[in-house]
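Letters A, B, ... mirror the listed sequences (proteins, then strands); counts begin at 1. Quick note: numbers below take in every heavy atom, side chains included, and nothing from hydrogens, waters or symmetry partners.
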Amino acid sequence: MVNLTIDNRKIEAEAGRTILEVARENGIVIPTLCTHESLEPTGSCRLCVVEAKQGKRTRIVTSCLYPVAEGLTVDTKSERVMNVRRLVLQLLLARCPESAQLKEMAAEMGVGAEPRFTPDKDNVKCILCRMCVRTCEKVVGVSAIGFSYRGTEKKVCTPFQEESATCIGCGACAYICPTGHIEMETTKTGDSRTIWGRTFKMATCTVCGRYFAPEDQLKYISRTADVPLENLAVCISCR
Amino acid sequence: MTSKIKSFDELKSVQERLKAGRDPKKPCITICVGTGCLAYGTRKLVDNFREELAKRDLTGKIDFRTSGCHGFCERGPMVVISPEKIFYQRVGLADAGEIIDKTVLNGEIIDRLLYVDPQTGEKYVHEDDVPFYKKQTRLVFGQNSKVDPESMDDYLAIGGYSALGKALTGMKPEEIIQEVIKANLRGRGGGGFPAGLKWDETRKAKGEPKYVICNADEGDPGAYMDRSLLEGNPHLVLEGMIIGAYAIGSSQGYIYVRNEYPLAVKNIHIAMRQAREAGLLGENILGSGFNFDLKINRGGGAFVCGESSALFASLEGRAGEPRAKYIHATHKGLYDKPTNLNNVETWGNVPFIIEKGADWYAGIGTEGSKGTKIFSLVGKINNTGLVEVPMGTTLRKIVFEIGGGIPGGKKFKAIQTGGPSGGCIPEAHIDLPVDFDELTKIGSMMGSGGMIVMDENNCMVDVAKYFTNFLVNESCGKCVPCREGIRRMRDILVDIADGKGREGDVELLQKMAQGIIDGALCALGNSAPNPVMSTIRYFRDEYEAHIKEKRCPAGVCRALITYSIDPEKCTGCTLCAKVCPTKAAGGVKKKAHTIDPAKCTKCGACRESCKFDSIIVR
C-alpha cells in the first residue's frame with residue numbers, strides 16, 4: 001500500500017494501480033473518453049490528464065496509465081489540466097460537430113466550441129478512442145478491424161477497407177463506440193445484419209424462433225470455446 | 001578478408017600487419033562517395049580515375065580510395081591527394097587524368113580546383129588549412145575520410161576495434177559503464193539523457209534477454225549526420241554497440257535504419273558480415289566468451305518511429321505508435337524486455353571514450369555537455385555540410401567561421417536547431433554556446449543536430465507554417481492534442497500567411513501550444529508547438545504585421561505581397577522578362593521594365609534573376 005494525495009485528500013491505495021482507478025474508487029471524477037473497465041488503458045484521448053507531483057518534479061501525466069506511488073500529490077483540476085481538457089474537447093467538437101455525446105460532455109464541463117476551429121464537414125463521429133479496435137482484438141479476439149493511414153487521415157476500418165473474412169458480425173465494436181460512429185444495420189425481419197460492409201445471416205432461437213445472433217458468431221464461439229454448435233442454438237431469454 | 005581473430009593480442013598483430021603494409025608516403029587519391037557527392041555524379045568520376053590509372057599502368061602503384069562523407073557537401077565532388085592532403089573541390093568528371101598527371105605524378109597544383117573562401121577570397125591548397133575543416137574538432141566524423149566504408153582492413157589499420165579489445169579483455173562491464181557515466185556522454189538523438197545511466201539501468205533491470213538498439217531513423221528535414229556516419233564509417237558504430245552490449249549484458253541487438261538510406265543499409269550489412277567473419281560479432285567475440293549479434297530492421301519512413309516506444313512497436317511488427325513511458329524502456333522496452341536504445345552518433349562516441357578514457361573525453365565540451373556534436377548545417381549558408389565541433393561552440397563560430405556566412409551578402413535572421421520540433425533562434429542569441437542546456441533555456445533544443453540557417457528573405461510565419469505542416473503529416477494520430485491540435489494550429493498559420501489572420505490568433509496559438517505541450521502523449525506532440533512558440537517569442541512583430549497590417553515584411557507570403565520594378569535601378573536588361581513564366585514582367589529593351597500585377601504569380605523568378613536589385617517586393 002502507498003499513501004498519496006488527490007485533490008488535497010489523503011488516500012491509501014494499492015501500489016501499481018493507476019491514478020484514475022484510485023481516484024474513481026474514492027469518488028473523484030476524472031473525465032475520460034477512451035477507458036473501459038474491460039480494456040487495458042491506451043492513453044489516447046488525453047482527457048484524463050492530471051498534474052502529478054513526485055518529489056520536486058511536477059508534470060502533467062495520463063491518469064489512466066500512471067501508477068500511484070508513495071508521496072505522490074495529484075491535482076485533477078489545476079489550470080494546466082483544465083487547459084488541456086478544454087483544448088481536447090474543443091478539438092473533438094470541431095472534428096465531430098454532430099456528436100451528441102461530445103456536446104453533452106462539453107456542456108457539463110462548461111466548454112464551448114472554439115469559433116476559430118472550422119468544424120469538419122465529413123460527418124465523422126469517430127474520435128479514434130480505439131475502444132472498438134481494442135475490443136475486437138482483446139475481448140472478442142478476432143482483430144477484424146484496425147487502423148489505416150496515419151495522423152489526421154487515420155481511420156478505423158477493416159484491412160484494405162474490404163469485407164473482412166475474420167469479422168463474425170458480433171457488433172461489439174458498435175456497442176462499445178461512445179459516439180455512435182460505427183453503424184450496424186439490421187433488416188426489418190431481423191434475418192440479417194450489416195456491419196463494416198459485410199452482411200451476416202442471423203440464426204434463429206430454436207425455442208422462441210426469433211433471430212438472435214449471427215451464424216458466424218455462433219460458429220466462432222463453438223470453435224473457440226469448444227462447445228457443440230447445437231448447445232448455442234437457444235437465445236439468452238429462452239435459456 | 002581477415003580470418004577469425006581469437007584474442008586482443010591477435011587483433012593487435014592484425015592491426016600492426018595492416019599498418020605496416022601501408023606506406024604513409026605512398027601517394028593516395030581519396031575521393032568522397034558520400035550521398036551528397038554521389039548526387040553530383042561522383043560515381044562516374046571514380047570510374048574515370050580507375051580508368052585513367054589503368055591507362056597509365058598505375059593501378060596498385062598509387063593508392064586509390066573511395067571514402068564516406070567528408071562533410072563539405074557544398075563543394076563536392078571532392079578529391080584529396082595524400083600524403084600532402086591537397087584538396088580539390090568541385091572536381092569535374094573529366095579532371096581525373098589531369099589530376100593524376102599534374103598533381104599525383106608531378107606535385108603540381110591545379111589552381112582552378114582549389115577552394116576559394118567566398119568571404120575573404122583567399123585560396124587554400126591543403127585540406128587541413130581550409131577554414132571549414134580547420135575550425136572543427138572532427139573526433140567522431142574525422143575517420144570518415146580515412147577509411148573506405150566497405151573495407152574493414154582500413155578501419156583496423158587506423159586502430160579500429162582496439163577499444164572493443166580493451167573493453168572485452170581488460171574491463172569489467174561495470175567499469176565500462178562507470179567510464180561512460182564519468183565521460184558524461186549524453187544521447188545525441190535529441191533527448192540528451194546520460195547514456196551511462198541508461199546502460200546502468202538496463203544492466204540492473206530484471207528480465208532476459210536484454211536488447212541494445214541503434215536508432216538510425218534520422219528524419220529531421222535537412223539533417224543527415226547519422227546517415228553519413230553509418231554510410232561512411234559503419235564499423236565505428238558497430239564497435240560502439242558491441243562494447244555497449246557487453247557492458248549491459250545483452251546478446252542481441254538491432255539497428256533500426258530508415259529504408260530511405262539505401263547506402264547506409266548496404267554498408268552496415270557489409271560491415272556486419274566482415275565483423276562476423278573476423279570474430280568481432282557473433283559467438284565468443286575475440287575469444288572472450290561474450291556473444292552478441294545484430295539484426296538490421298529497415299524502417300518504413302515514419303518520422304514518429306524515431307521515438308523510442310514507437311520504434312519498438314515498429315520493430316515488433318506493429319504500427320509505429322508511441323506509448324506513455326512511465327515505465328522506462330530500460331525495464332520494459334522491446335518485447336517488454338529491458339532495452340537500451342541510443343542513436344548512431346551516441347554509439348559512435350563510445351569507442352573513443354573507452355580507448356582514450358573518460359577524463360580525456362570530459363576535457364572536451366562544457367560543464368554539462370561533454371564531447372563534440374555533429375551538426376548538419378543547411379539553409380542560407382555558404383558552406384552547406386556536416387560540421388563537428390566541441391559542445392559549447394558558439395552559433396556565431398558555426399555559422400560565420402565554419403559555415404562561411406550567408407550567401408549573397410544577406411543578413412542573418414535566425415537559425416532553427418533541433419529539427420522540426422526545435423526552435424528558431426534569433427540574431428540576439430548568436431553568441432550562445434551550443435550545448436544541451438543552453439539551447440533548451442532559450443526555447444529551442446539540441447535535437448539530433450539539424451541547423452537550418454535563415455536570412456532576411458525568410459518569413460518566420462512561413463517557417464513556422466512549414467515545420468508545423470511537416471509535423472501534421474508525421475503525427476501518428478494516436479492522441480487528440482497532437483493529431484487534431486497541430487493541424488488546427490497549421491490552419492491558423494495558413495490563415496495568417498494568407499492575410500486572413502484575426503486579432504487574438506497569436507494568443508490562441510500560444511494557448512493551444514501550451515495545451516499540446518502538456519497534453520500530447522509523446523515527445524513528437526510535446527515538442528510540436530516549439531516552432532510556433534519560438535517564432536512568436538522572437539518574431540512576434542512579424543506575426544502582428546501579417547495579422548494587423550496584412551503585410552509580410554520578408555516578402556514571402558504570396559497573398560500579402562506585390563512585385564514591382566524600381567525604374568531608377570532597372571536597366572532594361574530584359575532578363576526578368578525572359579525568366580517570367582507568365583509574361584507579367586516586360587518592357588522595351590534598355591528602358592525600365594514593369595510587372596503586370598494581374599498576370600504576376602509572385603513566383604520570385606524575376607527577383608532571383610535581377611542583377612540590379614531592382615525588383616521591389618512589398
>> Heavy-atom cut-off 4.5 Å, strictly under: side chain, backbone, both or neither for A:R85 against chain B?
In response: neither

> Does a salt bridge link A:R59 with B:D518, judged by any charged N lying under 4.0 Å from a carboxylate O?
Replying inline: no

> Is it the backbone or the side chain of A:L33 that comes under 4.5 Å from a heavy atom of chain B, or both, or neither?
Replying inline: neither

> Side chain, backbone, both or neither: which part of B:N473 has a non-hydrogen atom closer than 4.5 Å to chain A?
Replying inline: backbone

> Would you say A:N8 has more than 12 foreign heavy atoms packed within less than 6.0 Å of its CG?
Replying inline: no

> Should A:F117 and B:R487 count as side-chain neighbours, where that means a heavy-atom distance under 4.5 Å?
Replying inline: no

> Can you say whether A:V81 sits under 4.5 Å from chain B via the side chain, the backbone, both, or neither, judging by heavy atoms?
Replying inline: neither

>> Which one wins on heavy-atom pair count under 4.5 Å against chain B: A:L92, A:I60, A:I127, A:T42?
In response: A:I60

>> I'd like to know which of A:E153, A:R116, A:R95 tops the heavy-atom pair count under 4.5 Å against chain B.
In response: A:R116

>> How about NZ on B:K332, more than 12 heavy atoms from neighbouring residues, nucleotides or ligands closer than 6.0 Å, or not?
In response: no

>> Using heavy-atom distances under 4.5 Å, tell me whether B:I516 contacts chain A through its side chain, its backbone, both, or neither.
In response: both

> Counting distance only, does the side-chain N/O of B:R483 pair as donor-acceptor with the main-chain N or O of A:T152 below 3.5 Å?
Replying inline: no

>> When you measure from the side chain of B:Y326 to the backbone of A:T62, do you find a donor-acceptor pair of N or O atoms at a distance under 3.5 Å?
In response: yes

> With chain A, which of B:R323, B:Q514, B:E474 has the greatest number of heavy-atom pairs at distances under 4.5 Å?
Replying inline: B:E474

> Considering residues, nucleotides and ligands other than A:E185, do more than 12 of their heavy atoms fall under 6.0 Å from its CD?
Replying inline: no

>> So which atom in B:A324 and which in A:L65 form the shortest heavy-atom distance, rounded to 0.1 Å?
In response: CB-CD1, 3.5 Å

>> Can you confirm whether more than 12 heavy atoms, excluding those of A:K77, are under 6.0 Å from its NZ atom?
In response: yes

> So do the side chains of A:V88 and B:P481 get within less than 4.5 Å of each other, counting heavy atoms only?
Replying inline: yes

> For B:E321 and A:R150, what are the C-alpha separation, side-chain angles and deciding distance, and is it a salt bridge (Lys or Arg N to Asp or Glu O under 4.0 Å)?
Replying inline: CA-CA 10 Å; B:E321 288 181 343; A:R150 189 173 68 203; over 6 Å; no

>> Shorter than 4.5 Å, heavy atoms on both sides: which option in B:V304, B:I517, B:D495 has the most such pairs with chain A?
In response: B:D495

> Which atoms of B:A520 come close to chain A, meaning under 4.5 Å heavy atom to heavy atom: side chain ones, backbone ones, both, or neither?
Replying inline: backbone

> Which region of B:R502, side chain (C-beta onward) or backbone (N, CA, C, O), has a non-hydrogen atom less than 4.5 Å from a non-hydrogen atom of chain A, or is it both or neither?
Replying inline: both

>> Among B:I486, B:I492, B:V472, which residue has the highest count of heavy-atom pairs closer than 4.5 Å to chain A?
In response: B:I492

> More than 12 non-hydrogen atoms from neighbouring residues, nucleotides or ligands closer than 6.0 Å to CD on B:E507, yes or no?
Replying inline: yes

> Rounded to the nearest 0.5 Å, how far apart are CG of B:L521 and CZ of A:R46?
Replying inline: 4.5 Å

> Does A:E114 pair with B:R488 as a salt bridge, N-O distance under 4.0 Å?
Replying inline: no

> Counting only heavy atoms not in B:E367, do more than 12 sit closer than 6.0 Å to its CD atom?
Replying inline: no

> Does atom CD of A:E183 have more than 12 heavy-atom neighbours from other groups under 6.0 Å away?
Replying inline: no

>> Just so I know, are the side chains of B:E484 and A:Q90 near enough to count as touching, which here means a heavy-atom distance under 4.5 Å?
In response: no

>> Between B:D491 and chain A, with a heavy-atom cut-off of 4.5 Å, which part of the residue counts as in contact: side chain, backbone, both or neither?
In response: neither

>> Is B:L508 in contact with chain A via its backbone, its side chain, both, or neither, using a 4.5 Å heavy-atom distance?
In response: side chain

